[in-house]
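Order of the sequence lines sets the chain letters (A, B, ...), proteins ahead of strands, with each chain counted from 1.
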Amino acid sequence: MSILNRLHDVFAENCQWTCRFLSIHGRTVHIMFLSNVADDQLLSEGILRPLQKLDSHEVEQLTPDYLLGQLPLKKGELSCDLEQICHKLMLGWSYVWIQDGTDGLLMYTAAHHERSLSKAEIESDEYGPQVAFVEELSTNLSLLYKLLPDSKLCVSSLEMGDVSKTVVNIVYLKEYANEDQVSLLRSRISSLQHINGMLDSLKLAQLLDDNVATLFPTMLHTERPDRVCQGLLANKIALFVDGSPFAVLCPVTIYEFFHAGSDMYQRWIVGMLLRVLRMCAMIASVFVTSIYVAAITFHYQVIPPELLKTLIQSHSRVPFPPILEALMLEVMIELLRESSIRMPSKVGQTMGVVGGIVIGQAAVEAGFISNILLMIVALGTLSSFVVSNFAMGNSLQIIRFPLIILAGAWGGVGIIVGTCFIIIHLARQTSLGVPYLQPMNMLAGKSDEHSVMRMIWKWMKRENSSYRIRKPKEDFAE
Amino acid sequence: MNNKEVDSPTLLHPMFTMVFMFVTQISIGMLAFQKYVYRESEHDAWISVIVAGLCAHAVLFLILKTLKRYQYQDLFQIHVRIFGKWFGGACSLIIICYWFSVSVYILRNYIEVLHIWIFAEVPAGVFTALFFMLIMYALSGGLRVIGIVSLVNLMLVGWMAALLYLPIRQAEWKLQLLPIMEAGMGDIMMGSLAMGATLGGFEVVYYVSHRMKQPHRISTYAQLGLLFVNLLYVIVMLVSIGYYSEDQILNNSWGTLSLFKIVQFAFLERLEFVLIMLWLLIIVANLLVNYWIMTQGLHRVFNVKRKYACIVIMVMALICNMLLKTGDQLAVVSVLVGKLAVLFSFAYPIFIFIVAYIVDYVRTKGKEA
């Protein structure tokens, strides 16, 4: 059975399957492709037109080898392996087969459906490069090459997913990234089995996690090329998945989730203060509601009388215990948050009115919720938006609930027990074998990536070493 | 899922010696040591504190010398090397019992504080169970996790020290402190002895040194850590003497806590409540180190799994905590543990140092002959 018939069998139930034959000067050439998957223009200009232009002399001794030299396309190869041909056809290649030959010719004619580069929307920022990754892997890599044009940049490619056959790239800088970590990552990826589809890098990140049972993200996803480059320069490894506009950086420490791209481009004092602000916001968003519950339920001694009067007055109209009141309001805010994410933008305004005015104001006026609590919960939610990484923001949002319950049960002691549990939990986590919570680096690490504070560029060990030549200290300026 | 292959670094930075010394020395003693020292040497109590601190530095020096002689193995291994398997094992067991009594004393006393100030009605067993859950979870992560947790907890509580400024502002130094050296040498020494009970715990260096990256570097960190702790104790003692009158200091069981009573802000007052709650973090860190030492000891002596050793200790500790019902019983235990602390923190290292020296001397002599 000829290759033609076998291919016909394989694609019998695929309506995209097209087999076109041309007869040129008495010989028949078959061109097979999947329409819409292969690009029409490339097909006609790269295969059909050159074929038709062949003169009779050439046609008589036409071989696939000769043809490969004639067709003006980027990639092409000879093949008679059915499996390979089918696979390539699915990826948009075309198969050119001359009647009664053994080998055929695979030509690269894939159509690219690609959106153009745009500004970062999820990690939008005021300073720094504004471009974001897109769904096309090759475009993402070219963005990266443009920022780090160095031969140390290694890109190794793997294929994942039984059906989706997604290309996954591990990107790192040789001599920067830790070899053990790279090989650990590679062995973890190759040990993954029974995956049908690898549709996004976040899925991959979860499959490669050190610990499944943790609430905190232990790999950082980002859509900004400059952030990835900063990571690569700080000895990290980046993962790209074809079809995903997010790169995943690992290993990371918890502090990096509170960094924003623009910290590095601001004046160092501003950048440092913004980071401190973000850490404070994190603490506020986690603890503020539970502290209110604990103080109102158990520890009214610690509140000065004047303030206590206001608090109690506001709470006295509410028929529920503080813990129930707080939980109710927190759930309400969660609903508001969740609904606003996937809401079509046309209905968005309605939701603002419903959420903000109707629920908030009416609930207070009806005596369901005290207005001080409303203010406190709003403060906490606002703070959680300040945390620059969305995945981390979500995790922090969830931690509040157990803390509120603990505060309702044992007051401040409960909160501290919960805090201690979180600290122990964080201390136990690792990201690719690297401790997740490293208090040693909390204030100033060797490179900026690990620390809470933003160091001065000149002080960082690796960065800008040419700037580190000390000038002899002179007298004060006149 | 991929936990097996993760090779997290098991050795710690030598700086963690300092952290461990902090959390073992500042436990429940920090909240209530003024009364016991003041009883002996009155308003010269701060001199007693300094004397006790200097003694501690000297003993720590001997401990570090001993460790160096034995290539920074832990005390349980040193026991075996000095006394042989059986007698050495017995010594290790006694040490484990000492740490056990300390851990019971600390936990029960802290629960007593919680009972007195915050929750009178919650039974001690519930709090103990809460603590044990935390300890179990952290212990399974090993010393690296304990070190990190201790450091973070210290930072979370450390800022409270700055609030001592408010009682300092109200202290009457001239009236309370002068004249210096009114107490005799004997009184000062008795005061130091009382202080020694609080100061005990620096011998933690014995157990953690073999887990440090460059063990020879720990001596600086250890002495520095001890110095900071001593300074903190001296400062708190000075502030207490200046702030309280003689009667107040003698009748106040929780001297340090009451110092924070006058701290007040526009939105917060009675900061001693906050201090008590935050102190939970210190207590947890302290117990973590205690339990780690005990499980390590049982593991070395009986070669049991740390998991089971930990469970056995916890069951016993729970029973002991339940048995100690009244404040009087607790007071008796506290006095006893105080004496044990002086014995095991100050006397025992000296003893080990001398024995180790003699044994080494005899053995090298024997080899030469």
Side-chain angles (χ1 to χ4, degrees), chain A residues 180-181 183-185 187-188 191-192 206-213 251 283 291 294-295 298-308 311 406 409-443, chain B residues 1-9 12-13 15-16 19 111 114 117-119 122 126-127 130-131 133-142 144-157 264-274 276-285 288:
Chain A
D180 297 339
Q181 286 167 4
S183 58
L184 176 64
L185 199 64
S187 72
R188 276 191 197 174
S191 72
L192 292 176
Q206 283 182 41
L207 289 167
L208 300 176
D209 256 349
D210 287 23
N211 182 5
V212 183
I283 293 167
I291 289 177
F298 295 103
H299 313 296
Y300 24 84
Q301 309 97 318
V302 297
I303 307 168
E306 299 81 32
L307 183 59
L308 189 64
L311 284 180
L406 279 171
W410 291 304
V413 178
I415 298 177
I416 300 288
V417 168
T419 313
C420 199
F421 184 83
I422 294 169
I423 293 170
I424 295 173
H425 179 78
L426 287 175
R428 283 171 56 102
Q429 300 312 311
T430 52
S431 166
L432 216 60
V434 174
Y436 190 52
L437 182 74
Q438 278 183 316
M440 307 282 294
N441 297 341
M442 212 161 194
L443 295 183
Chain B
M1 137 187 191
N2 290 315
N3 256 343
K4 265 175 275 164
E5 36 183 290
V6 176
D7 177 37
S8 50
L12 293 161
H13 191 277
M15 196 216 75
F16 275 101
V19 177
I111 290 173
L114 284 183
W117 296 75
I118 305 178
F119 292 114
V122 181
V126 175
F127 281 130
L130 270 181
F131 271 100
M133 265 158 49
L134 292 176
I135 291 169
M136 200 71 159
Y137 189 45
L139 269 187
S140 61
R144 185 183 67 82
V145 169
I146 295 174
I148 294 175
V149 171
S150 304
L151 181 50
V152 175
N153 285 4
L154 270 179
M155 286 200 244
L156 287 179
V157 186
Q264 96 185 118
F265 303 111
F267 53 93
L268 210 59
E269 58 179 24
R270 304 277 310 267
L271 264 275
E272 82 267 27
F273 280 92
V274 180
I276 291 171
M277 290 171 204
L278 283 179
W279 210 254
L280 193 143
L281 295 173
I282 296 280
I283 299 291
V284 167
L288 281 178

Shortest non-hydrogen contact from [X] to [Y]?
| X | Y | answer |
| --- | --- | --- |
| A:R428 | B:G141 | NH1-N, 3.5 Å |
| A:I415 | A:A294 | CD1-CB, 3.8 Å |
| B:V152 | A:L437 | CG2-CD2, 4.1 Å |

For [X], is it the side chain, the backbone, both or neither that has a heavy atom under 4.5 Å from a heavy atom of chain A?
| X | answer |
| --- | --- |
| B:L134 | both |
| B:L114 | side chain |
| B:L156 | side chain |
| B:L268 | both |
| B:F131 | neither |
| B:F119 | side chain |

Quiz item: Do NZ/NE/NH1/NH2 and the carboxylate oxygens of A:R188 and A:D210 come within less than 4.0 Å?
Solution: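 Here A:R188 pairs with A:D210 in a salt bridge, since their nearest N and O are under 4.0 Å apart.
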Quiz item: Top residue by heavy-atom pair count (under 4.5 Å) with chain A, among B:M133, B:E269, B:R270?
Solution: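 Ranked by contacts with chain A, first place is B:E269.
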Exercise. Evaluate the side-chain proximity of B:F16 to B:R144: yes if any heavy-atom separation is below 4.5 Å, no if none is.
Key: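 Contact flag for B:R144/B:F16 side chains = no.
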Quiz item: Mind checking whether B:L271 and B:Q264 have side chains closer than 4.5 Å, heavy atoms only?
Solution: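 A side-chain contact under 4.5 Å is absent here.
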Quiz item: For the candidates A:L307, A:I303, A:V413, A:V302, which exhibits the highest count of non-hydrogen atom pairs separated by less than 4.5 Å from chain B?
Solution: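 Among A:L307, A:I303, A:V413, A:V302, the one with the most close pairs to chain B is A:V302.
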